[in-house]
Number of protein chains: 2
Amino acid sequence: MSHPKSAITKQRILDAAARAFSLNGYAGTTINDIAMTAGMQGGSIYYYFESKDDILQEVLDVGITRVFSAARLAIGSLPASSAFSEKLEAAVTAHLTMLLQQGDYTSANIRVFEQAPPAVKRQNRKLRTAYGEYWGQLLSEGQRSGEIRKNVDLTILRLMLLGSMNWAVTWYRSDRMPIPELALKFCEVVLKGVGLSDDQLENSSRGRRARS
Amino acid sequence: MSHPKSAITKQRILDAAARAFSLNGYAGTTINDIAMTAGMQGGSIYYYFESKDDILQEVLDVGITRVFSAARLAIGSLPASSAFSEKLEAAVTAHLTMLLQQGDYTSANIRVFEQAPPAVKRQNRKLRTAYGEYWGQLLSEGQRSGEIRKNVDLTILRLMLLGSMNWAVTWYRSDRMPIPELALKFCEVVLKGVGLSDDQLENSSRGRRARS
DNA sequence: CCTACCGATCGGTAGG
DNA sequence: CCTACCGATCGGTAGG
């Protein structure tokens, strides 16, 4: 049987935990909170998990795994000859979707990782590193193909991009803008910048420079 | 007297609380943790503060006030005729400095605001809104002066910029790059983008497009 | 999975 | 500011 009853119940507990961690933080979530939402008594949780840390570990690991898979799937569905900008847009859309609408597991990562016990962080960090390297490769490709300028610091770029996406979990409201549209705007800012091109700048700022 | 002893002690408690909240989250920080660091017994905290929420409120409010003042001071120190790009760099440097090296109060904001009790959030949000509007005005100026393209969505730009800065609290290590250098890179990415300009793109991608 | 409970710790208070 | 303590709650366990 691919879905024994106990596995389903375990899922229910993890779902409840992911949501609670994401809303109230780690220490702010009690075993009883999780148990109530999952429809059982507090003590019963320990039939499925060894400890509260154990639950947190699984929530965090599942969260990274899901966003990683979503990004890989999105890029993998594109024709191999796609431009970097298309791959970027696909990855940004996937990341934002997991974070903002699919994702108690992913948003729990954003919100409680820093407060997790050291052992939990250490394990989860392996997955995070792999995901970060995946983004690093994507950007490297873009630079090799010439679509990212040669003198751009890819580490900073990656951290800025992931940072601005992750922070969206604190302000995004689904009624104001659909995620694909948001993803497109993110990509435009990063790729084209918001300033004028150098020659446009040359003209418009001459007066101001002369004055100072 | 401008610094009565009790005010100094109160400061010591707030300093200890800001650091503890930033490291361990709100629920993860106990009154005793704070008291020990501040050099007193747990119960004594209540001679200075009404409740744990009260301490949190002050830490969060001070954090926003400080980063706001730092940004205003940095921009205010520039000649009035300064270009938008210079003002932006000054503000980014100020924000990052408060967040990454001066700032348990500011980083506590990043890390525990979401888990604060509703009443605390409500009050702190007023300061946050004012600070956000200050950034909005700065960007508006830049767009009016022509240094930001007319078709850029300033709300998204502001949220991306602040988001990528705030997220730096999770990865920045002072031994790898000084803050002014980091600030400059942030500004470059945002203003110039990382891609080629349109006409450069026109040439380099022609072959790729024909293939697909 | 539940019942019943433990040892520890928490935020907060009384009285000085 | 300290001492001494409260009521409540916490993560976790034993036994079924």
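Chain A is the first sequence line, chain B the second, and so forth, proteins listed ahead of strands; every chain is numbered from 1. Remember, it's a predicted structure, so these values are computed and weren't measured experimentally.
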**Item:** Sugar-phosphate or base contact per nucleotide [nucleotides 3-9 of chain D; S, B, -; heavy atom under 4.0 Å]
**Value:** B------

**Request:** Tell me which nucleotide among C:dC2, C:dG11, D:dC2 gets nearest to the side chain of B:Ile31.
**Result:** C:dG11

**Item:** side-chain hydrogen bond (donor to acceptor under 3.5 Å, both in side chains) partners of B:Asp153, counting only residues at least two apart
**Value:** A:Lys185

**Prompt:** Restricting to pairs with a member in residues 14-24 of chain A, which pass salt bridge (charged side-chain N to carboxylate O under 4.0 Å, His left out), not counting sequence neighbours?
**Reply:** A:Arg19-A:Asp104

**Item:** B:Tyr46 side-chain proximity, nearest of D:dC1, C:dC2, C:dT13
**Value:** C:dT13

**Prompt:** How long is the line joining CG of A:Asn32 and C1' of D:dG12, in whole Å?
**Reply:** 11 Å

**Request:** Check DNA chain C against residues 47-58 of chain B and give the residues with a non-hydrogen atom under 4.0 Å, in numerical order.
**Result:** B:Ser51, B:Lys52

Contacts table for residues 7-14 of chain B: side-chain donor-acceptor under 3.5 angstrom, sequence neighbours left out:
| unit_1 | atom_1 | unit_2 | atom_2 | d |
| --- | --- | --- | --- | --- |
| B:Thr9 | OG1 | B:Lys5 | O | 3.1 |
| B:Arg12 | NE | B:Ala38 | O | 3.0 |
| B:Arg12 | NH2 | B:Ala38 | O | 2.9 |

Show me, pair by pair, the donor-acceptor contacts under 3.5 angstrom made by side chains of residues 170-184 of chain A, not counting sequence neighbours?
| unit_1 | atom_1 | unit_2 | atom_2 | d |
| --- | --- | --- | --- | --- |
| A:Thr170 | OG1 | A:Trp167 | O | 2.8 |
| A:Thr170 | OG1 | A:Trp167 | NE1 | 3.4 |
| A:Tyr172 | OH | A:Met177 | O | 2.6 |

**Message:** Suppose the criterion is salt bridge (charged side-chain N to carboxylate O under 4.0 Å, His left out): which pairs have a residue in residues 158-168 of chain A, not counting sequence neighbours?
**Reply:** none

**salt bridge (charged side-chain N to carboxylate O under 4.0 Å, His left out) contacts touching residues 125-134 of chain B (sequence neighbours left out)** = none

**Asked** Dot-bracket for DNA chain D, 5' to 3', counting Watson-Crick or G-U wobble pairs under 3.5 Å, with [ ] for crossing pairs and | for inter-strand pairs?
**Response** ||||||||||||||||

**Message:** So, using side-chain hydrogen bond (donor to acceptor under 3.5 Å, both in side chains) as the criterion, who are the partners of A:Glu89 when residues are at least two apart?
**Reply:** none

**Request:** Please collect all salt bridge (charged side-chain N to carboxylate O under 4.0 Å, His left out) contacts where either partner lies in residues 26-38 of chain A, sequence neighbours excluded, each pair once.
**Result:** none

**Request:** Mark yes or no: A:Arg111 above the aromatic ring of A:Phe113, with NZ or CZ under 6.0 Å from the six-membered ring centre and no more than 45 degrees from the axis.
**Result:** no

**Request:** List in chain and number order the residues that pass ring pair (Phe, Tyr, Trp, His ring centres under 6.0 Å) with B:Tyr46, two or more places apart in sequence or in another chain; answer none if no residue qualifies.
**Result:** none

